[in-house]
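Below: the structure, in C-alpha cells.
All heavy atoms count here, side chains included; hydrogens, waters and symmetry mates do not. A, B, ... follow the sequence lines: proteins, then strands. Residue 1 opens every chain.
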Amino acid sequence: MKREEGKVRLPPEGTLILSSSPHIRTEDSTRKVMLLVILTLIPAVLASVWFFGLHALRVVIYCMAFCALFEYLWCVLAKTKSTLSNLSALVTGLILALNVSPLTPWWLCLAGAFIAIVVAKQVFGGLGQNPFNPAAVARVAMLVGATGPMTTWMDPAPGAVFGLADKVDAVASATPLAAAKAVAGNAAEIAYYNSWDFLWNAFLGNVGGSLGETSALAILIGGIALIALRVIHCYIPLAIFVTITVFVWIVNLASPGLTPGPLFHLLTGGVMIGAFFMATDMVTSPVTHLGGVVFGIGIGVIVCVIRIWGSFPEGMSFAILIMNALVPLIDKMCYKRPFGWHPSSINILQPRRGEIK
Amino acid sequence: MISSIHPKRFTGGIHPQNEGKELSANEPLRVPPLLEKYTLPIHQNIGAPPKLIVKKGDEVRKGQCIAEADGFISVPLHAPTSGKIGDAVEIPGANGAAVPAIEILSDGADEWGVCLEPYPDWKNTDRDKLKKRIQEAGIVGMGGAAFPTHAKLSPPPEKIVDTLIVNAAECEPYLTADDRLLRDSAEKVLTGAAIAAKILKISRILVGIENNKPEAIEALSAVSEKFSAEIVPLHVRYPQGGEKQLIYALTGRKVVAGGLPMDVGCVVQNVGTLAAICEAVTEGHPLIERLVTVTGTPLVRPGNFVLRLGTPVGKALEFAGGIKGPVGKLILGGPMMGFAQSSLEVAVSKNTSGILLLAPEEVRQFEAGPCLSCGRCVDACPMRLLVSTLSKVCENERYDLAEENYVMSCLECGICTYVCPAGRPNVQHFRRAKAEINARRRKK
Amino acid sequence: MESVLVAVGVVALVGLILGVLIGFAAKKFAVASDPRIEEVAELLPGANCGGCGYAGCGDLAKAIVTSGADPALCAVCSAENVAKICAVMGVEAGAKERKVAVVYCSGDRSHAKMIAQYNGLNDCRAAASLHGGGKGCRFGCIGLGSCARSCPFGAIEIRNGLAIVHPETCVGCGKCVDICPRKLIRLVPAVSKGHVYCNSLLKGPQKKKYCSIPCIACRKCVKAAPEVFNPQGFLVRAVKPELVDAELVKSAGCPTGALQTVEDHLALGQAAGKEKEGAA
C-alpha cells in the first residue's frame, strides 16, 4: 500500500459524535412537512384572492400572524424553546384562514388564533399532543360564539382585484350549502344545484363561502400534490369522498329532492379542504391505513347527516372533531398484530393486557 | 442456477436514498501488512467467554488456540499471528464498556503453528467430526450476532430442518464485504454451505441476495450447479437480510415472535461464516481473520480488507489511507445497526462487518421533537409494530405499556428512526425499554 | 304538594332499605383488619417514595403490623414518629441514624474530560450503554440526571454535568442508589463531613488522563488517619465515614482534591453556574 509518509490522519479524539443507531436519517423534518403543507395550500390562497380580492389576503395574513404571535407568546411565557421554527403555527393559521369568511373582522381572527394555538394545542402539551385539530376547534368555537360575523359571506368577484371585473364587495345571503338546505324538499329548486352550470362554478370556486371552501379545483391541485409528495396517504380523503358519494346517492334514491346530488356535496362547502388538509392532520388522524379508512368513512357519514338532517348547513369541522375524539380507539381497533405474531407467542414475548404485574 | 422462486415481499422496509456501496464495492480486496501488536478481545461470541490458557511471555504460533471453549455455547480463540503474549489489558468494546483483551506482540514471521487436521474429503467425514471442527475453529455468526455456529447447526432432534438459507442479502448501506467475498470466492462460500447442509442432513440450499449485486450473482450462478444451490435475487429493500424477513421472502414461512428459524425448518447462515467453515474444514485454518469493509466519505481509500482479529480500528483506518476531511462519527458495523465509537482502540472482532466513517455533514443529530403521529414509522416497520405509540410510552418510561405493545419483538433495525421527520431516537427508546424489561424479568 | 311528599317518601324509604342492607353487609362480610395498620400509616410520612422497599407507606404500615417489619425501615420518618410507631407496636425503638446519599464523583465539566459528544436520550441508563455518554472516565457521573428525576424529594441537582446531593434535603430513601447505572451513589451517615469523591478503580495515571480531581491512591489521607481511611486497590475509601470532619480533611491535604468537605463539594461549579446565569 502506497501512502505518503506521516500524512495519515486519523479522527481526533473528543470530536466524535456518539448516538444510538441508526446513524443515517432521511432529509425529512417536521419543518419540511409543514412547509410542504403551506406550499400546497398556495393554490387555494391564490384562488381565494382571485375571487374575493384583498379581503381574502387580509384574513390569511391576520390568521397566520396571530397564530405565530400566540405560539411565540406561549413559548416565552412557558419558558420553553421557541417552536416557531417548525412552522406548525403558520400551518394552523393558514388552514384557519381558509376556513372563515373573507369578511371576518380582525378581532375574530385574533380570537380564533388564540383558541387554535393556546386552547386547542398548547394547553394539551403542544404539537403532537393535541387530540383535536386546532383549526377545526377554532372554527367551531368562532362559529358558535360569533355566528353573525362567521356567516356573513360575500359574493365572488373573479379577478376584481386585478381590475378584471367590477368590485362588488357585496354581502351575500348564503353559501350554496345554506341555500340548498333552505329549499330542501323542493325538487324543482334542488335541481338547479345539480345543473352542470352550477357545479362548474362550484368546482372553479365562483360561489360564496369561506376562503378555502370555494375553489374545489385549487384545493384538489394542492391535495394531489400533497399525496404525490408523500406527505399524506390517499386513504383518508378517498374514504371521505367515496362515503359521501355513496351516502348522498342512497339518500337521493330514497327520497329524491331532499338534497342535491353527490357532486354538489363534494364540490361545495369544506369537504375538499377538510378531506385533504384537515382530516389528514397527522397528529389527529390514525396512524394505520385501515384506521385512516375507518376515520374517513366516519367523517363522510357525519358530514352527510349534519348537512341533510342537522341544523347547520355545513358539518365538516364537526365531523372532523367527532372523529378526532375516536382516533385512539380506531388505532387500537385497526392495528394488526406484529409480524409473525401467533397465539402461542403470547406468553413468550407479548403478555396481553392485565397479565403484567 | 437462478431459482424460479418468486420472493415474497415483507411489509414495511425502506430503500435508503444513499446506499454508499459504490465507495468500496469495486475496490479489489486488500491484505494489509502485519501489525506489531494485536489486541484481541477475549469474549467475541454470544455465550460463555472462552478460558485463557496462555500467560504473559508465552510464545504462540499463528492459529494456535489461546483460549478454550467453556461449554457448548462457547468457542475457542486463536492467535492471529505468531509472536509473544503481552499484557492482559482492557479495551473499549463495541458499546463502550471495558472488555478484557490480550495483547499479542508479533514476531514478524507469521508462521502457522500446529494446525487442525484438514478434511479435504469432507463429503465422507463423520458429521459430528465436522461439527466439532467448526467449534474448534472458533467460528461464530459473522453477520453480527456472533452466535456459535456449531450450536446453530445442532437443531434438537424434534425440530425438522429442511432448508439452509445463505444470507447474502447484505442490505446495510455502505457495507460490501459479503459482496466482495462472493465475487472473489463464491465457490468457498458454497462449499461451506454444502458442509453445513451435510451436517444438517438436508439438500436444499437457498441463497438470498439483493439484486443490486449483479457481479456476485454471476459469480454464484457460475458455480452453483456443482452444489445444487438455488440463487434467489431479492428486491433491494432494507432489512432484507434480517433473519425473519429473509426466511419469509424465500420460503413464505413466518417465524413466530419469540421463536427461532429452526421452528419453521430453516437455518440461516451468513456468507462470511460459510467461507470460514470451508476454510476450517478443507484447510484446517481457524478463524483468525475476516473481511471488513472500511469505508466512508472522509477516508482516502475506502475498500474491503482482510483484517486479523484484534486489529485496532485506528490501524484499520490507517490501512485505508487515513482521513482527508473532518469526521463526525466512527461506526462499527453498518450505518443502520452499527455502534458509534468514541475511541480508536476498539478492536476488530469476529462479528465486525464494517468500519464506517461519516463526515459531520452526513450526521443528522437527533432532535427528539414531539411525535407528529405521521405514521411513517408504522408503515415502514418490518415487524409491523405500532411504533408511534411505542415511542411515546417508552419516552414516558411506561415499560408495562411498552411490553403490551410488543416492544420485545423489535429488531432494532433502525427504520423507524431513519424515517422519522421529528428526529426521535426511537431505537434508543426501545433498547432502553428492552433492557429494563429484561432486567425486571430476571428479577422475578 | 302531594307529588313532593311522595318523592320525599320514596327517597326516604329507598335510603332506609339501602342503609339496612349496607349495615347488614358490613356486619356479615366484615374483613377483620388490624386497627394498628391505620395508626401506623398515619405516623408514616405518606410520601410513597418506595425507599423502604415496599410499594408505598400503606404497604409498609401493613408489613410493620402483620409481618413485623422494622419501623426504622422508613428513612424519611422522623425519630419521634418512629418511636411512636414502636410504641404502637410495643417494641423497643432502636437508635436511628440519619443517612444521606452521596455521589462519589467530582468530575463535572470543568474537571472531567469528554472523549465524544453524546446525542440521544436524556437518561443515564440509556447513555451508559452508549460509551457512558462520552465521558472519558467510565466510573464517573454521566450527569444526565436520572437520579435527580427519580428523587421524590428534589434533593439532587445537576450542576455543570455532575449530580450533587443536597444533604439537608436528602432523606436517604435510596431511590437514586438503584437508578444510577454507574453505582456511584451510596448512603452514608449524615454526620460525615467529608468524602473521597471518586469511584474509579483504575490506576492513578489512567485516572489522571480523563480527570483532574481523582483519587490517585497517594495515601496521604491514610497516613493522616489510618483508622478512618482504607485503600482498596487504587481507590481510598472511608471505612468509618462518621469520623471524617473538616479538620481531618484539612490535615490530610489531598493533593488532587478528591477528598473534600461536603461544603466544598456543594460549592463545586457554583461559580461556573453563576457565570452562566449572568450570561443568560
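Within the 4.5 angstrom heavy-atom criterion, only side-chain atoms of B/Ser388, from C-beta onward, approach chain A. If you measure heavy-atom distances from B/Met337 to chain A, the contacts under 4.5 Å come from the backbone alone. Heavy atoms closer than 4.5 Å to chain A are found in both the backbone and the side chain of B/Leu386. Proximity to chain A (any heavy atom under 4.5 Å) is shown, for B/Arg440, by neither the backbone nor the side chain. Looking at B/Val378, only its side chain comes within 4.5 Å of chain A, counting heavy atoms on both sides. The contact between A/Val283 and chain B is made by backbone and side chain atoms together, counting heavy-atom distances below 4.5 Å. Interface residue B/Tyr248: only side-chain heavy atoms are found under 4.5 Å from chain A. Contact of B/Cys371 with chain A is made through the backbone alone, with heavy-atom distances under 4.5 Å. Neither the backbone nor the side chain of B/Arg253 has a heavy atom closer than 4.5 Å to any heavy atom of chain A. Looking at B/Gln341, the atoms closer than 4.5 Å to chain A (heavy atoms on both sides) all sit in the backbone: N, CA, C or O. Neither the backbone nor the side chain of A/Arg31 has a heavy atom closer than 4.5 Å to any heavy atom of chain B. Contacts of B/Cys420 with chain A are made by backbone atoms alone, with heavy-atom separations under 4.5 Å and no side-chain atom involved. Neither the backbone nor the side chain of B/Pro425 comes within less than 4.5 Å of any heavy atom in chain A. Only the side chain of B/Asp379 comes within contact range of chain A, with at least one heavy atom under 4.5 Å from a heavy atom of that chain. Within the 4.5 angstrom heavy-atom criterion, only backbone atoms of B/Pro382 (N, CA, C, O) approach chain A.
Taking a 6.0 Å sphere around NZ of B/Lys315, one finds it holds 12 or fewer heavy atoms contributed by other residues, nucleotides or ligands. The neighbour count for A/Lys336 NZ, taken as heavy atoms of other residues, nucleotides or ligands under 6.0 Å away, does not exceed 12.
Listed for the B/Tyr238 side chain is a donor-acceptor partner under 3.5 Å among the backbone atoms of B/Cys413.
Ion pairing between a basic and an acidic side chain is recognised when a charged N comes within 4.0 Å of a carboxylate O; B/Arg441 and B/Glu403 show such pairing. Ion pairing between A/Lys32 and A/Glu27 fails under the 4.0 Å rule for side-chain N and carboxylate O.
For the pair A/Leu290/A/Tyr235, no side-chain contact is recorded, criterion being any heavy-atom separation below 4.5 Å from C-beta on. A 4.5 Å side-chain heavy-atom check between B/Leu29 and B/Val306 finds at least one atom pair inside the cut-off. Considering only heavy atoms from C-beta on, A/Met282 comes within 4.5 Å of A/Val231 through its side chain. Contact annotation: the side chain of A/Ser19 approaches that of A/His23 to within less than 4.5 Å [non-hydrogen atoms, C-beta and beyond]. By the 4.5 Å heavy-atom criterion applied to side chains, B/Val256 and B/Asp263 are not counted as neighbours. Two residues are said to be in side-chain contact when any heavy atoms from C-beta on lie closer than 4.5 Å; B/Leu356 and B/Leu358 meet this criterion. Side-chain contact between B/Leu372 and A/Thr30 is present, with at least one heavy-atom pair separated by less than 4.5 Å. Within the 4.5 Å cutoff, side-chain heavy atoms of B/Ser409 are placed close to those of B/Leu385.
With chain B as partner, the option from A/Ser29, A/Gly128, A/Gly125 having the largest number of non-hydrogen pairs under 4.5 angstrom is A/Ser29. Put simply, of B/Gln245, B/Arg431, B/Glu362, B/Arg364, the one with the most heavy-atom pairs under 4.5 Å next to chain A is B/Arg364. Ranking B/Ile331, B/Leu357, B/Thr389, B/Ile415 against chain A, the residue ahead of the rest is B/Ile331, based on heavy-atom pairs under 4.5 Å. The candidate with the highest count of non-hydrogen atom pairs below 4.5 Å against chain A, out of B/Glu367, B/Met336, B/Lys254, B/Lys324, is B/Met336. Per-residue counts of heavy-atom pairs under 4.5 Å with chain A were compared for B/Pro16, B/Gly333, B/Gly423, B/Gly369; the largest is that of B/Gly423. Listed options B/Gly375, B/Gly322, B/Ala340 were ranked by heavy-atom pairs under 4.5 angstrom with chain A; first place goes to B/Ala340.
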